[in-house]
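Each remark here refers to the structure printed beneath this line.
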2 protein chains.
Amino acid sequence: MSKRVTILDVAAAAGVSRQTVTRAMNGMSDISETTRARVLATAERLGYRPSRFARNLVNRKKTHAMGLVVASFRNPYFTEIAADLLSVAGERGWQMAMAASEGRAEDSIGVLTNQVDVIVGHFTGSDAVLRAASGGLPVVRLESRGTELGVHSVELDLESGVVEAVSALRARGARRFGMVDSTSSRNALGEYTPSLRRIWFEQAAGDQLAGGVVGEETIAGGAQAFARLLEAHPETDAVLMFNDLMALGAVQHAHAHGIDVPGRVRIVGVDGLSLGEAVDPRLTSIALDRLGLASHTLDIVDELAAADFADVPSIHRAVRSKLLWRDSA
Amino acid sequence: MSKRVTILDVAAAAGVSRQTVTRAMNGMSDISETTRARVLATAERLGYRPSRFARNLVNRKKTHAMGLVVASFRNPYFTEIAADLLSVAGERGWQMAMAASEGRAEDSIGVLTNQVDVIVGHFTGSDAVLRAASGGLPVVRLESRGTELGVHSVELDLESGVVEAVSALRARGARRFGMVDSTSSRNALGEYTPSLRRIWFEQAAGDQLAGGVVGEETIAGGAQAFARLLEAHPETDAVLMFNDLMALGAVQHAHAHGIDVPGRVRIVGVDGLSLGEAVDPRLTSIALDRLGLASHTLDIVDELAAADFADVPSIHRAVRSKLLWRDSA
DNA sequence: ATCGGTTTCGTGAACCTTCACGATACTCAC
DNA sequence: GTGAGTATCGTGAAGGTTCACGAAACCGAT
């Protein structure tokens, strides 16, 4: 466990002062070429490497970092959001550290707290849980509302997209609407509760509603739930799947069983994954404005930075969704 | 621009010493409950937040961070690697910061240098370029070999997978082999050069080689190149696509033009993306062992940490590939 | 009143770098 | 040789926290 070599070690070995070492290392002026070469050689020889902590300690100008915690990095939904967040963050001069918790996102906040200035992510727990886990760091909730001091949020308004989808489906001749909801849409007691998108969808469908089932939030879960829906309500000619992953399963099931999509039944997903572009038929989807989500998030984050990350009252933004009409509906 | 509130401010406001504030903040012992409550209240009131830099400056124990720089975060190939890297890194107690450069990966190393202890990524530039960009930080190249001091690498051995694929294709009756290579496989002068996987494939195909074309590394590029290949060599009954994305395009093209896959032509991709599982027919692919890649990378990174990130001679690992036989071949 | 033991709190130092400013040395002209 | 002007280098301080250790206060017992 060799002691770390510091700037003083280099200075002593090269027979100069710390400041001269700094000048040599950072390519500053006020130093002769011969000295610079000698110092650089010495640093190289000793394996000197400036401590990023000590450096940032004094350079407290603008090296901000945000931490993104996602439930799973294997879910394309999260990676696409991460991609947009990362690119917008980069543009605005923010570093981004990530952590993935294959489970409750709250649990993996801890590993980030010493690395970043603010936490961003999809969380299911309450604000209180969040505040406890974040150790005082401000938190930005994605797609759910935060109300407590220091918990901010970017919400997602799916209603307009759902309404738009239903009327577009009607315009193409759909008459019997079905919905596959997610089993993981739960209330505080852990019981299944209709998701908001289901409620809006059923409202929009009105008396043309054929029926609804629930399924797991995976491709296989979507396929299975879709099959049950068609079995229970064979007259269904338009289905809203909880998300694109499940919609993918529905399309696969239809294909495997010779059910024409969109001829026999129209399928609409939610999320607007670019994955939906790669399958056949290309997935129609209610897309969230991911870039908007990202820039709203960074608006908040910038605002927090301006307030020196103090506990300012909750800031809220909302992003709208819009219909991405492709081939499956 | 309010000055940042430090531990001393809190101490003064609460009428105690810095150390007592630390004790209160970190839940340490040797402090009475009343004092702790008072200090905590004061800290809350002033909005005190420990500086993560100052904290890590003294805690030089084991808060290591690695930086991952990927060319594009929208390419599922990179996100899947990032996912595995992230999960293995998490298991081993490493933080991970990411940067995406929509272009040359070398260019976006800079933003990470002050944040991490080591850089990991796919790079095309030379070791010298890399060392210059990294500012002395050790670098781990993925899927290409580094030779200079301080540049390490995890290489990918595709040969066994390619050979395995060809013999598996033969066993199913394939007799005329074609290959779609990537246009972006270039030599130092920027001219197209057959990729290693093409060379291996053509070696394995021997005199059963029908022909080869090149295309862009996208879904559309794959579709187009595939079409050209079939036009020039209609007898082709088995095609190796440069990667899964291009293979996806080939499958789509075949589907759109009524070409049976794998009946009329068998299609094999490279990478083993989980995306290939979601399409129909499921993509047969020469998969790299991504988890192996990740754990090899972290082996190296751990080794570098043990050496205090000094410039140790190049470390190399290699991961093998294996055939993932699904439905498209 | 004194003593030993425990609890609570404070002081000096370390961590490592960079910034601001002052000090020295060197150059050249007069 | 003296002066101004410039090139080169060094010193004190700051940045915010935690660790090691020592000091004070408290408490019941003798």
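Lettering of chains follows the sequences in order, A, B, ..., and the numbering in each one begins at 1.
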Just N and O in the side chain of [X]: are any of them under 4.0 Å from OP1 or OP2 of [N]?
X	N	result
T35(B)	dC9(C)	yes
T20(B)	dT8(C)	no
N56(B)	dT17(D)	no
S51(B)	dT17(D)	no

Inset, instruction - Describe, in one word, how the ring planes of F309(A) and W94(A) are oriented to each other, choosing from parallel (under 30°), tilted (30 to 60°) and perpendicular (over 60°). - result: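 F309(A) and W94(A): perpendicular rings.
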
Inset, instruction - Please work out which of the three classes, parallel, tilted or perpendicular, describes the rings of F53(A) and F53(B), given edges at 30° and 60°. - result: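 Correct class here is tilted.
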
[X] side chain: which of [options] is closest?
X	options	result
S17(A)	dT11(D), dT17(D), dT8(D)	dT11(D)
Y48(B)	dC16(C), dT17(D), dC9(D)	dT17(D)
N26(B)	dG10(C), dT18(D), dT17(C)	dT18(D)

Legend entry - Closest-nucleotide ordering on DNA chain C, the 5'-leading residue of G15(B) and M25(A):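 By nearest-heavy-atom nucleotide position, the 5'-most residue is G15(B).
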
What is the distance, to the nearest angstrom, from the [atom1] atom on [X] to the [atom2] atom on [N]?
X	N	atom1	atom2	value
D30(A)	dA7(D)	CG	C1'	7 Å
I7(B)	dC19(D)	CD1	C1'	12 Å
R18(B)	dG12(C)	CZ	P	9 Å
R23(A)	dT8(D)	CZ	P	10 Å
R55(B)	dA14(C)	CZ	P	22 Å
L57(A)	dC15(C)	CG	C1'	9 Å
F53(A)	dC16(C)	CZ	P	12 Å
M28(B)	dT18(D)	CE	C1'	8 Å

Inset, instruction - Mind checking R49(A) for me? I need base, sugar-phosphate or nothing, with any heavy atom below 4.0 Å counting as a touch. - result: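 Answer is sugar-phosphate: R49(A) comes under 4.0 Å of backbone atoms only.
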
Inset, instruction - Identify whether any heavy atom of T22(A) sits under 4.0 Å from a base atom; if not, whether one sits that close to sugar-phosphate; answer base, sugar-phosphate or nothing. - result: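 Base contact.
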
Inset, instruction - Please tell me if the side chains of E91(A) and L298(A) come closer than 4.5 Å, counting only heavy atoms from C-beta onward. - result: no

Legend entry - R131(B) with D311(B): basic N within carboxylate O range, under 4.0 Å: yes

Inset, instruction - May I ask you to say whether D117(B) pairs ionically with R49(A), meaning some side-chain N is under 4.0 Å from a carboxylate O? - result: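 No, no charged N to carboxylate O under 4.0 Å.
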
Legend entry - Polar pair under 3.5 Å, donor/acceptor by atom type, side chain R52(B), base dG16(D): no

